[in-house]
Asker: 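Encoded as structure tokens, here's the structure I'll be asking about.
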Amino acid sequence: MALLGVNIDHVATVRQARRTDEPDPVWAAAEAELGGADGITVHLREDRRHIGDRDVTLLRQTVGVKLNLEMSIADEIVRIACDVKPDQATLVPERREELTTEGGLDVVTHGQRVREAVRRLHDAGIIVSAFIEPVAEQVEASQDVGCEAVELWTGAYAHAASPPERDRAVADLRAALALGHKLGVEVHGGHGLTYRNIAVIASEPGFLEFNIGHSIVSRAVFVGMRRAVREMKGLLERYKPRESRP
Ligand code: PXP
């Protein structure tokens, strides 16, 4: 069964709507852990639109499970990551020019810059994952620049407008999963996964970790973070693959 990383960015989004001190993402992380989260994920954006430097520092001190920092490859952010030392850094695009057509980091085009960021993060003892589209060249480039993991963008699956589109998206994910395993990188998944659409993806063999944010935080508004996480863990358990590898 894949591990669940809970992205708590949108708890900070609500806080920032009033620029006050609640709800506190640090509390959210503790509640998520109590609900069974295997990891806590936050994105320290260059514009600090939700998660701030104070959050990352406190989370490093308080999170007992894996702390995964989503981050751009901007020099300032890499410097902060090397200082904070999350367990894992997931490199994501923030600027338009770092994007491929839909949502992942274009590691093929930005190979040199990504390689340099990976080197600095490795020197700080941080495991590095790249958030990429499920495209062979991106998986290969990520492995080539030294990433230990790739997080496959599941947006095409999540936003598919028809069953054939959805099937194509699943086939792309399946091919990228197989290639990742062949190249010896861990394969994670994330973006747009919800309580309603997780079953198909959760039952694909080979995903080691899912990072899920918006849907869990949305449900937590009604039932609390602990229960929201417990419910998503329950779905991962119910739909876990029968075999563990592709
Ligand atoms: N994984 C990565 C790399 C992301 O950037 C995000 C969005 O912040 C997520 C997972 C979570 O996506 P969602 O909020 O749609 O579950």
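None of these values were measured; they are calculated from a predicted model.
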Asker: Are Gln88 and Glu209 close enough, and set up right, to give a side chain to side chain contact (heavy atoms under 4.5 Å, CB included), and what steps lead you there?
Answerer: CA-CA 12 Å; Gln88 176 177 287; Glu209 169 184 313; 3.4 Å; yes

Asker: Can you see which heavy atom on Glu237 is nearest to which on Met1, and at what distance?
Answerer: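 Between these two residues, the closest heavy atoms are OE1-SD, 3.1 Å.
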
Asker: Can the ring centres of His214 and His191 be said to be less than 6.0 Å apart?
Answerer: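 Ring centres of His191 and His214 not closer than 6.0 Å.
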
Asker: Which atom names give the shortest non-hydrogen contact between Ile126 and Cys82, and what distance separates them?
Answerer: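 Result for this residue pair: CD1-CA, 4.1 Å.
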
Asker: Scan Arg113, Gln112, Arg119 and name whichever one has a side chain to side chain contact (heavy atoms under 4.5 Å, CB included) with Glu116.
Answerer: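 Among Arg113, Gln112, Arg119, the one meeting side chain to side chain contact (heavy atoms under 4.5 Å, CB included) with Glu116 is Arg119.
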
Asker: Could you tell me which non-hydrogen atom of Arg48 sits nearest to which non-hydrogen atom of Asp53, and how far apart they are?
Answerer: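 Closest approach of Arg48 to Asp53, heavy atoms only: NE-OD1, 2.6 Å.
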
Asker: Taking side-chain hydrogen bond (donor to acceptor under 3.5 Å, both in side chains) as the criterion, tell me which of Asn7, Thr90, Asp9, Asn68 meets it with Thr41.
Answerer: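 Per the side-chain hydrogen bond (donor to acceptor under 3.5 Å, both in side chains) rule, the option paired with Thr41 is Asn68, out of Asn7, Thr90, Asp9, Asn68.
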
Asker: State which residue, out of Asp144, Val139, Val150, fulfils the side chain to side chain contact (heavy atoms under 4.5 Å, CB included) condition with Leu183.
Answerer: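 In the set Asp144, Val139, Val150, the residue that makes a side chain to side chain contact (heavy atoms under 4.5 Å, CB included) with Leu183 is Val139.
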
Asker: Using a 4.5 Å cut-off on heavy atoms from C-beta on, say whether the side chain of Asp106 contacts that of Glu133.
Answerer: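 No, side chains not in contact.
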
Asker: Does Lys233 pair with Asp38 as a salt bridge, N-O distance under 4.0 Å?
Answerer: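 Looking at Asp38 together with Lys233, the answer is yes, because their closest N to O distance falls below 4.0 Å.
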
Asker: How close do Leu121 and Ala81 get, heavy atom to heavy atom, and via which atoms?
Answerer: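 Of all heavy-atom pairs spanning Leu121 and Ala81, the closest is CD2-CB, 3.7 Å.
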
Asker: Arg45 vs Glu94, test: side chain to side chain contact (heavy atoms under 4.5 Å, CB included). Steps then yes/no.
Answerer: CA-CA 8 Å; Arg45 298 187 64 98; Glu94 271 187 35; 4.0 Å; yes

Asker: What are the two closest non-hydrogen atoms of Val229 and Gly35, and how far apart are they?
Answerer: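 Heavy-atom minimum between the residues: CG1-O, 3.6 Å.
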
Asker: Do NZ/NE/NH1/NH2 and the carboxylate oxygens of Glu22 and Arg15 come within less than 4.0 Å?
Answerer: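 Salt bridge flag = no for Arg15 with Glu22.
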
Asker: Of the non-hydrogen atoms in Val223 and Ala228, which two are nearest, and what is the gap between them?
Answerer: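 Residues Val223 and Ala228, closest heavy atoms: CG2-N, 3.8 Å.
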
